[in-house]
Amino acid sequence: MRFTSLVIELIRARPRLIVWIAVLLQAAMWLFVALVFYRSPPGTLAALLAFGREYQVGTDLGPPLPVWLADIAYRAAGGHMFGVYVLAELCEIATFIALYHLSRAVVGSQQAVLAVLLTMTVLAFSSSALDFGPLILARPLWALLLLHSWQIIGQRRGNAWFAWSIEAGLLLLTTPAAIFLLLLIVVFAVSTAGGRRTLRGLDPLFALIVVAVLALPYAVWLMRAETLTLPALPQLAELNVRALHAAWLFGGLVIGAAAIPALTFLNTGVVAGKGEEPPIIYRPPVEPLARNFVYFFAFALPLGAVLISGVLGLDSVVGGPGVVLIMSGLAVVVAAGDLIAMRRARMLRMVWAAAVAAPAAGVVLAILFLPWTGANEIATSMPARAISDFFDESFARRTNHRLRAVAGETQLASLIALHSGRPHLFIDADPARTPWMNPTKFSETGGVVVWRASDTAGTPPPEILKRFPGIVPEVPRAFEWLVTGRQQLLRIGWAIVRPKGT
C-alpha cells in the first residue's frame, strides 16, 4: 500500500484546517514568549501607548489608528500588555487568513495552503510579531485590500467595493505608505483591460467618497500641522550613497525571504531520493490576469518600495517588509506550475517549522544568555511594572498627589507612563512632540524626571539640568533585570518636581 503522510492528506482534504492550525500555533508561540520572557514592551511600544492615551488626531508617530487601537487593547486588558500582544497576533492571523482566501481564488485551496506556509516563513524573519504599530496593523489591511481588489478586477464582484473603500480609508489612517500602496493598485487597474472595465461605473466614485470621509480628519490635521511638504531629492553627489543604501535595503528583503529558496531547493529532484513517488498537490490552471496580478504585487511592490526608500534616504523600506513581501509565497506557488510534487515531505516539514520557530527561539536565547556575555542590555528585560509602581508611589508619598506627568529619558519615562494611573508623557528634549504637555504645565502639575544614573549620587545629565535647573536629585533606585548575568543593575536617577501650591 502506498504511504502518504497525514499532513499531505490534510492539505488535500482539509486545507483550511491546516492554515488555521499553523497560524494559531504561531500566534500561541509568540504569546507564550511575551508572557514568560517579556517584562517590558518591545521596541517603541511603550511610547506608542503613551501617545495613545492622549487620543490625538495626529502625532509625529504617524496616522492615529494604530495608536488608538493599542490604547484600547491596553485598557480592555485591564492595563496589561497582554491585550496589545493579543491585538498584534490577531493582526497576524487576519493577514494569513486573508492571504489564504486570495490564494484560494488564484490557485485553488490545496496550493493556497502552500502559499500561506511559505509566506509565514517570510514574515517570521523579516518583521516583528509583537511590536504592535503601523507596520503590523498595515499587514491585514493590505492583505484584505489585495483580496478585494482581485474580487473587483478579476472576479467582477461589485459588492466588494464597499469593503475595499473601508480598508483603503483605514490604511490611510494607519501608515504614510498607504498612498504608495493605493497608487500601485490604481496602476495595475489602469494597465489591464479588466481593471479599466471596473473603473467605468459609479462604484469607484462612491468608494472614493468613503475613503475621503474616513481620511478627512487626519488630512485636516496634516494641513494644519504644515507637514504636507515634498521630500527633498538627493543631490548628484549623494546618488552613489543612496544607491548603496537601496541595495542594502534590498539585500535585507532577500535575507528575510531566504527560507523560500531553501525550501524550494529541498523540494527539487536533486535532493529527492531515487525511486521516490512524491505526492502531488494539484490546482486548476491559473488565468493570465491572475498570474499578472500576483507577479505585479510580488515584484513591483518591493522594487518600488526599495527605490523610494533609497532615493529619500529612509532607514527602512516604505511600508515595512511584512507588507512588501506578503505576495512572495503566492508568487512562488504560481510559478511552480499546476502540479507541485512534495518530495522529502518530512524534511520539508522540519525545515519549515525551524524557519517559523527560529525568530522566537532567538529572542528567548538572547534574553537568557546575552546578559552573561556583558553585551548590550535587553530592553524587554526591564521590570516595567516595578519601575512604574515605585515612581508612582514615591510621588504620591512625597506630594500627596497622584502622579500626573513624567519627563526625562524617553524610554524610562514611557515605561512609567504605563502605570494604571497613566501619567502624561512629556518629551522635554522636544516639547513639540507632546503638545498635550509643555514646561509651564509640567511645572504646575508636577511630575517625576528620570534618567540613567551614572554614579551613586544620581547626578542628572547636563541636558536635563539645563531643562530642569531647580531639581534636587534623589538617591538612585536600582532594579534587577529579568536575567542580570554580568550586567550591572539598572540604576535610575530621579527627581520630583512638586506641583505648584504644595
Q111 (side chain) donor-acceptor with I281 (main chain) under 3.5 angstrom: yes

Point-to-point distance, once rounded to the nearest 0.5 Å, from CG of D315 to OG of S309: 9.5 Å

Closest non-hydrogen atoms of P435 and A432, given as atom of the first, atom of the second and distance, are CD-O, 3.7 Å

Go through V323 and L135 one step at a time and tell me if the side chain to side chain contact (heavy atoms under 4.5 Å, CB included) criterion holds. CA-CA 8 Å; V323 169; L135 299 183; over 6 Å; no

Evaluate the side chain to side chain contact (heavy atoms under 4.5 Å, CB included) criterion for residues I416 and I387: first the C-alpha distance (whole Å), next the side-chain angles of each, then the deciding distance (0.1 Å), finally the verdict. CA-CA 6 Å; I416 300 172; I387 293 173; 3.9 Å; yes

Are the side chains of H419 and L403 in touch, meaning some heavy atoms are under 4.5 Å apart? no

Please step through ring pair (Phe, Tyr, Trp, His ring centres under 6.0 Å) for the pair W436 and F51, ending with a clear verdict. CA-CA 10 Å; W436 53 85; F51 277 69; 5.2 Å; yes

For atom CD1 of I179, is the number of surrounding heavy atoms from other residues, nucleotides or ligands below 6.0 Å larger than 12? no

Evaluate the side chain to side chain contact (heavy atoms under 4.5 Å, CB included) criterion for residues V363 and W30: first the C-alpha distance (whole Å), next the side-chain angles of each, then the deciding distance (0.1 Å), finally the verdict. CA-CA 10 Å; V363 169; W30 278 110; 4.2 Å; yes

If you define the side chain from C-beta out and look only at heavy atoms, does anything of R156 sit under 4.5 Å from Q151? no

Examine distances only and state if a side-chain atom of S40 and a backbone atom of A379 form a donor-acceptor pair shorter than 3.5 Å. yes

Using a 3.5 Å distance criterion without hydrogens, assess whether the side chain of Y38 forms a donor-acceptor pair with backbone atoms of T380. no

State whether the side chain of R157 and the backbone N or O of I152 hold a donor-acceptor pair below 3.5 Å, judged by distance alone. no

Please walk me through it: do R53 and D71 pass salt bridge (charged side-chain N to carboxylate O under 4.0 Å, His left out)? CA-CA 6 Å; R53 77 172 300 281; D71 184 73; over 6 Å; no

To the nearest 0.5 Å, what is the distance between CG (L99) and OG1 (T119)? 4.5 Å

Kindly give the heavy-atom pair with the smallest separation between P284 and D338, and that separation in Å. O-OD1, 4.1 Å

Can you find a side-chain donor-acceptor pair between S149 and W164 that sits under 3.5 Å? yes

Under the criterion side chain to side chain contact (heavy atoms under 4.5 Å, CB included), I'd like the reasoning laid out for L184 against F296: C-alpha separation, chi angles, the key distance, then a yes or no. CA-CA 9 Å; L184 280 180; F296 178 81; 4.1 Å; yes

Is F250 atom CZ crowded by more than 12 heavy atoms from other residues, nucleotides or ligands, each under 6.0 Å away? no

Point-to-point distance, once rounded to the nearest 0.5 Å, from CG of D392 to CZ of R402: 8.5 Å

Side chains of P41 and L415: does their closest heavy-atom pair fall under 4.5 Å? yes

Greater than 12 external heavy atoms within 6.0 Å of Y55's OH: yes

To the nearest 0.5 Å, atom CG of L24 lies from atom CG of L31 at 10.5 Å

Does R14 have more than 12 heavy atoms from other residues, nucleotides or ligands lying within 6.0 Å of its CZ? no

Taking the side chain as C-beta and beyond, is there a heavy-atom pair between P64 and Y218 under 4.5 Å? yes

Flag, side chain of R283 to backbone of V333, donor-acceptor distance under 3.5 Å: yes

Are any non-hydrogen side-chain atoms of L17 and I21 less than 4.5 angstrom apart? yes

With a 4.5 Å cut-off on side-chain heavy atoms, are S128 and P42 touching? no

Going by heavy atoms in the side chains, are V186 and L182 under 4.5 Å from each other? no

Value for CD (Q26) from CD1 (I93), rounded to nearest 0.5 Å, stands at 9.0 Å

Quick check on the 6.0 Å ring-centre criterion: do F297 and F293 meet it? yes

Any I166 side-chain heavy atom under 4.5 Å of W161 side chain: no

Between the side chain of T198 and the main-chain N/O of I153, is any donor-acceptor distance below 3.5 Å? no

Residue R422 excluded, over 12 heavy atoms near CZ under 6.0 Å: yes

Hey, could you give me the CH2/CD1 distance between W142 and I185, rounded to the nearest 0.5 Å? 4.0 Å

Given 3.5 Å as the limit, does a donor-acceptor pair link the side chain of R433 with the main chain of F426, or not? no

Backbone of A47 reached by a side-chain donor or acceptor of T44 within 3.5 Å: no

